[in-house]
Amino acid sequence: MMYSIEPAYLVQNELTRLLMKAGTDPVNKWFFTDGAFSPDSQLEKSPNTWVHENFVVIVDKQILAYFEAFWSKPLNIITSFRLIFFEKKKTTCIVKALFQYFEYLFIARGCKAFNWLVAEKNFHAHRIYEKFINKYFGHNVGMRHNGQMAYNGEVSDVYLYEITQEEYLKWKQSFVEG
């Protein structure tokens, strides 16, 4: 299955519709760390890869997933990352795109570290991230108490994960050799 990773601003209207729809689905109540989604403040209206980046994974003109990364440029690290799957039946394609995105960040952009949070009460995502770092690369940095509120007012602790450039390169080398 052929996919492409495209800047989100190219499909802003459709993406906004999908994100608003996803934001009202109780399954995604932990996706928006501030408990809400505001497309005007979240999506770039033009290309911007300096402060943050918004990308989509597209197959046959269908948006499968959304990647959003916030840069701290003086440190050259990603301080926050969001990933949402719109088409759960095509996860293999999305995971391939995610690995391509890591290649872009760590090799092309020279990212030194990549950080993201997950709510402890977001059991499914938390389990996936734990499996990912155990199988591929990255590590659990720790936990922040009462770090996130869902749109229904429920509060959860959050786990902070990180992937360093060194971890990624070490995995990539072992993957190539193995």
Side-chain angles (χ1 to χ4, degrees), residues 1-34 36-73 76-111 113-119 122 124-129 131-133 135-138 151 161-163 165 168-169 171-172 175-176:
M1 180 178 308
M2 295 297 296
Y3 66 87
S4 64
I5 300 174
E6 304 290 339
Y9 81 94
L10 295 174
V11 292
Q12 184 175 351
N13 291 340
E14 177 64 13
L15 179 59
T16 298
R17 186 187 72 73
L18 288 171
L19 285 169
M20 294 303 285
K21 184 177 175 184
T24 60
D25 183 343
V27 169
N28 298 322
K29 70 181 178 182
W30 296 106
F31 178 70
F32 305 105
T33 56
D34 55 1
F37 173 75
S38 172
D40 285 340
S41 65
Q42 299 294 94
L43 293 178
E44 291 293 328
K45 296 194 177 3
S46 61
N48 178 359
T49 58
W50 182 251
V51 177
H52 68 284
E53 300 176 338
N54 307 94
F55 289 102
V56 291
V57 178
I58 297 177
V59 171
D60 297 327
K61 298 183 182 179
Q62 178 186 11
I63 301 171
L64 301 185
Y66 172 62
F67 302 162
E68 178 181 58
F70 294 86
W71 282 96
S72 172
K73 278 301 181 185
N76 206 18
I77 65 172
I78 299 291
T79 59
S80 178
F81 179 72
R82 294 182 193 198
L83 165 64
I84 192 163
F85 288 39
F86 298 117
E87 182 52 62
K88 297 190 180 14
K89 293 177 183 170
K90 298 181 181 173
T91 57
T92 302
C93 181
I94 298 168
V95 170
K96 287 179 183 177
L98 182 60
F99 277 93
Q100 182 182 343
Y101 184 68
F102 286 141
E103 180 77 5
Y104 159 77
L105 290 175
F106 289 117
I107 304 302
R109 297 294 304 276
C111 180
F114 178 94
N115 296 278
W116 75 99
L117 299 170
V118 64
N122 188 349
H124 181 69
H126 180 242
R127 194 171 43 249
I128 288 170
Y129 294 145
K131 286 180 181 179
F132 180 89
I133 65 170
K135 185 173 181 178
Y136 300 107
F137 44 81
Y151 66 75
Y161 292 94
E162 179 176 69
I163 301 168
Q165 186 182 52
Y168 174 76
L169 294 173
W171 170 83
K172 183 179 174 183
F175 183 75
V176 170

Requested in this report: Give the intermediate values and the outcome of side chain to side chain contact (heavy atoms under 4.5 Å, CB included) for residues Leu117 and Ser80.
Outcome: CA-CA 7 Å; Leu117 299 170; Ser80 178; over 6 Å; no
**Report entry** Residue from Phe132, Phe67, Tyr129 passing ring-ring contact (aromatic ring centres under 6.0 Å, His included) with Trp116
**Finding:**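 In the set Phe132, Phe67, Tyr129, the residue that makes a ring-ring contact (aromatic ring centres under 6.0 Å, His included) with Trp116 is Tyr129.
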Hey, could you give me the [atom1]/[atom2] distance between [X] and [Y], rounded to the nearest 0.5 Å?
| X | Y | atom1 | atom2 | answer |
| --- | --- | --- | --- | --- |
| Ile133 | Ile128 | CD1 | CD1 | 13.0 Å |
| Phe55 | Tyr101 | CZ | OH | 6.0 Å |
| Lys90 | Ile94 | NZ | CD1 | 9.0 Å |
| His126 | Lys131 | NE2 | NZ | 12.0 Å |
| Ser72 | Ile77 | OG | CD1 | 5.0 Å |
| Leu10 | Ser4 | CG | OG | 9.5 Å |

**Report entry** Ring centres under 6.0 angstrom apart (Phe99, Tyr136)
**Finding:**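 Close enough - the centres of the two rings lie under 6.0 Å apart.
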Requested in this report: Give a yes or no on whether the ring-centroid distance for Phe114 and Tyr168 is below 6.0 angstrom.
Outcome: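 Not under 6.0 Å, so no.
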**Report entry** Heavy-atom neighbours of Lys88 NZ exceed 12 at 6.0 Å
**Finding:** yes
Query - Under 3.5 Å side-chain donor-acceptor pair for Gln62 and Tyr3 - result: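 Tyr3 and Gln62 do not have a side-chain donor-acceptor pair below 3.5 Å.
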Query raised in the report: Can you check whether Asn54 reaches Tyr66 side chain to side chain, under 4.5 Å on heavy atoms?
Result: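 Yes, at least one pair of side-chain atoms sits under 4.5 Å.
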Requested in this report: Using a 4.5 Å cut-off on heavy atoms from C-beta on, say whether the side chain of Gln100 contacts that of Ile5.
Outcome: yes
Query - Cys111 vs Trp71, side chain to side chain contact (heavy atoms under 4.5 Å, CB included): CA-CA, chis, key distance, verdict - result: CA-CA 9 Å; Cys111 180; Trp71 282 96; 3.7 Å; yes
Report task. Measure across Val57 and Ala97 and return the closest heavy-atom pair with its distance rounded to 0.1 Å. Result ->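 Minimum heavy-atom separation between Val57 and Ala97: CG2-CB, 3.6 Å.
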Query - Closest non-hydrogen atom pair, Ala125 against Val118 - result: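 Where Ala125 meets Val118 most closely, the heavy atoms are CB-CG2, 3.7 Å.
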Query raised in the report: Taking it one step at a time, do Leu15 and Phe86 satisfy side chain to side chain contact (heavy atoms under 4.5 Å, CB included)?
Result: CA-CA 10 Å; Leu15 179 59; Phe86 298 117; 3.8 Å; yes
Query raised in the report: Any donor and acceptor pair, going by atom type alone, linking the side chain of Asn115 with main-chain N or O of Glu162 inside 3.5 Å?
Result: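 Answer holds: no.
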Requested in this report: Apply the test side chain to side chain contact (heavy atoms under 4.5 Å, CB included) to residues Tyr104 and Glu53: give CA-CA distance (whole Å), side-chain angles for both, the deciding distance (0.1 Å), then the verdict.
Outcome: CA-CA 12 Å; Tyr104 159 77; Glu53 300 176 338; 2.8 Å; yes
Report summary line: Applying side-chain contact (heavy atoms from CB on, under 4.5 Å) to Glu14 and not counting sequence neighbours gives Arg17, Leu18, Ile63
**Report entry** Set of residues satisfying side-chain contact (heavy atoms from CB on, under 4.5 Å) with respect to Leu169, sequence neighbours excluded
**Finding:** Ile107, Gln165
Requested in this report: Under the ring pair (Phe, Tyr, Trp, His ring centres under 6.0 Å) rule, what do Phe70 and Phe81 come out as? Steps first, then yes or no, please.
Outcome: CA-CA 6 Å; Phe70 294 86; Phe81 179 72; 9.7 Å; no
